[in-house]
> 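Handing you this structure, nothing more for now.
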Amino acid sequence: DVRMKYFELTMFFCFITTHVFAGEDAQSIIKKVQNKYKKTESFTFNFDYHFKWKLTGQHQDLQGKLYFKKENNIRYELGQQLNITNGEVVWQYSELNNQVLIDKLKKNSKSLFMPKYFLYDYLDKFIAEVIKVDMVKGRQIYVLKLDPRDKDDFVQSMKIWVPADTWITEKIEYTDL
């Protein structure tokens with residue numbers, strides 16, 4: 001009977017979907033990511049930066065490199081821009097203008113230059129949910145959607161990709177103001 005097969009297929013899909021998503025919820029994934037970073041003294045990664053300015057439709061694609069060392073030391077290279085922070089001050093060097101801008105960060109800053117903003121404050125700053133679980137080259141990858149608790153937050157929405165075999169965020173997409 002076609003209806004019975006459809007019912008069985010629907011029940012099987014519901015079971016598989018429930019089983020996959022029940023394996024890890026967003027909070028437990030984020031806690032595992034945070035624990036991984038808490039145990040890490042330093043790291044470096046290369047990244048691609050894709051910028052689209054909504055008002056003009058202009059696009060910009062750049063490659064960058066980020067260096068992180070505990071507690072709040074970051075060196076962020078992007079195109080002809082170099083940004084360095086120690087968690088209290090940000091130095092921004094523009095090769096194009098041969099100019100350095102120095103800015104003191106406020107306490108509890110939501111600046112993207114603060115590593116804790118992305119690495120440690122997920123659960124405080126965002127409402128998270130698992131929206132997809134992918135299998136990529138035999139690796140289980142969780143895709144999380146994060147919406148800010150404060151609608152006036154600089155980051156308006158974010159997605160992160162976290163593989164279950166490392167608990168190290170491999171990709172971040174975000175929309176800002």
Side-chain angles (χ1 to χ4, degrees), residues 24 26 29-87 89-101 103 105 109-123 125-148 153-177:
E24 298 289 341
I29 292 167
I30 290 170
K31 285 181 182 178
K32 287 178 182 181
V33 169
Q34 290 171 329
N35 287 336
K36 188 74 165 188
Y37 285 115
K38 285 177 186 175
K39 295 176 186 173
T40 303
E41 289 299 314
S42 64
F43 59 85
T44 303
F45 62 85
N46 296 310
F47 63 93
D48 294 319
Y49 176 83
H50 307 286
F51 175 81
K52 180 181 177 186
W53 195 10
K54 196 173 186 177
L55 295 174
T56 65
Q58 289 181 311
H59 293 267
Q60 186 177 25
D61 296 317
L62 300 168
Q63 280 81 39
K65 191 167 193 170
L66 185 134
Y67 304 83
F68 170 81
K69 185 174 180 185
K70 276 192 177 167
E71 190 63 35
N72 287 313
N73 299 296
I74 293 180
R75 177 185 173 108
Y76 177 90
E77 302 168 359
L78 183 63
Q80 296 180 329
Q81 187 85 23
L82 171 64
N83 301 288
I84 299 174
T85 184
N86 61 3
V89 177
V90 175
W91 295 267
Q92 296 178 298
Y93 172 68
S94 169
E95 188 177 313
L96 186 64
N97 299 330
N98 194 29
Q99 181 180 24
V100 176
L101 298 174
D103 190 18
L105 290 171
S109 174
K110 293 181 181 179
S111 170
L112 298 180
F113 291 110
M114 295 300 292
K116 70 181 205 122
Y117 184 79
F118 279 123
L119 301 180
Y120 306 117
D121 290 349
Y122 284 117
L123 297 176
K125 306 286 185 205
F126 298 95
I127 299 165
E129 67 176 311
V130 176
I131 59 169
K132 185 167 47 166
V133 180
D134 286 335
M135 288 300 288
V136 179
K137 297 181 181 176
R139 298 172 71 209
Q140 188 172 9
I141 312 286
Y142 290 97
V143 182
L144 282 69
K145 181 177 184 280
L146 295 96
D147 292 314
D153 199 290
F154 178 73
V155 175
Q156 292 295 293
S157 68
M158 186 174 4
K159 280 188 196 175
I160 63 171
W161 283 254
V162 180
D165 61 341
T166 64
W167 301 115
I168 296 174
T169 303
E170 287 193 349
K171 181 178 177 180
I172 298 174
E173 285 181 4
Y174 69 92
T175 303
D176 60 33
L177 292 176

> Just verifying a value: how many Å separate Thr40 OG1 and Asn35 CG, rounded to the nearest 0.5 Å?
10.5 Å
> With heavy-atom distances below 4.5 Å as the criterion, would you say the side chains of Arg139 and Thr166 are in contact?
yes
> Test of understanding: with ring pair (Phe, Tyr, Trp, His ring centres under 6.0 Å), list the residues that count as partners of Phe47, not counting sequence neighbours.
Tyr76
> Would you give the length of the straight line joining atom CD1 of Ile168 to atom NZ of Lys36, rounded to the nearest 0.5 angstrom?
5.0 Å
> For Trp167 and Glu24: C-alpha separation, side-chain torsions, deciding distance, then whether side chain to side chain contact (heavy atoms under 4.5 Å, CB included) applies.
CA-CA 12 Å; Trp167 301 115; Glu24 298 289 341; 4.1 Å; yes
> Hey, could you give me the CH2/CG distance between Trp161 and Leu144, rounded to the nearest 0.5 Å?
10.0 Å
> Applying side chain to side chain contact (heavy atoms under 4.5 Å, CB included), run through Val90 and Leu105 and close with a yes or a no.
CA-CA 7 Å; Val90 175; Leu105 290 171; 3.7 Å; yes
> Passes side chain to side chain contact (heavy atoms under 4.5 Å, CB included), Lys159 versus Ile131? Steps please.
CA-CA 9 Å; Lys159 280 188 196 175; Ile131 59 169; 4.0 Å; yes
> Is the side chain of Thr85 donor-acceptor paired with the backbone N or O of Gly87 at a distance under 3.5 Å, no angle test?
yes
> Using 0.5 Å steps for rounding, measure from the NZ atom of Lys31 to the NZ atom of Lys38.
9.5 Å
> Donor-acceptor pairs are to be reported for all side-chain atoms of residues 57-67 against protein atoms at under 3.5 Å, with residues two or more places apart or in another chain.
{"unit_1": "Gln58", "atom_1": "OE1", "unit_2": "Thr56", "atom_2": "OG1", "d": "3.4"}
{"unit_1": "Asp61", "atom_1": "OD1", "unit_2": "His50", "atom_2": "ND1", "d": "2.7"}

> Any heavy-atom pair between the side chains of Ile160 and Ile29 that's under 4.5 Å?
no
> Would you indicate whether the side-chain heavy atoms of Glu95 and Leu82 approach each other to under 4.5 Å?
no
> Judged by modelled atom types alone, do Tyr93 and Asn83 share a side-chain donor-acceptor pair under 3.5 Å?
no
> Which pair of non-hydrogen atoms, one from Ser157 and one from Asp147, has the smallest distance, and what is that distance?
CB-OD1, 4.0 Å
> Do you know the tightest heavy-atom contact between Ile30 and Ala128?
CD1-CB, 3.6 Å
> Calculate, to the nearest 0.5 Å, the distance between atoms CG and CD belonging to Leu146 and Glu173 respectively.
12.0 Å
> According to the interplanar angle, ranging from 0 to 90°, do the rings of Tyr37 and Phe43 count as parallel (below 30°), tilted (30 to 60°) or perpendicular (above 60°)?
tilted
> So, for Lys69 and Ser42, which heavy atoms are closest and what is the spacing to 0.1 Å?
CA-CB, 4.0 Å
> Where do Asn86 and Trp91 come nearest, in terms of heavy atoms and distance?
ND2-CH2, 3.8 Å
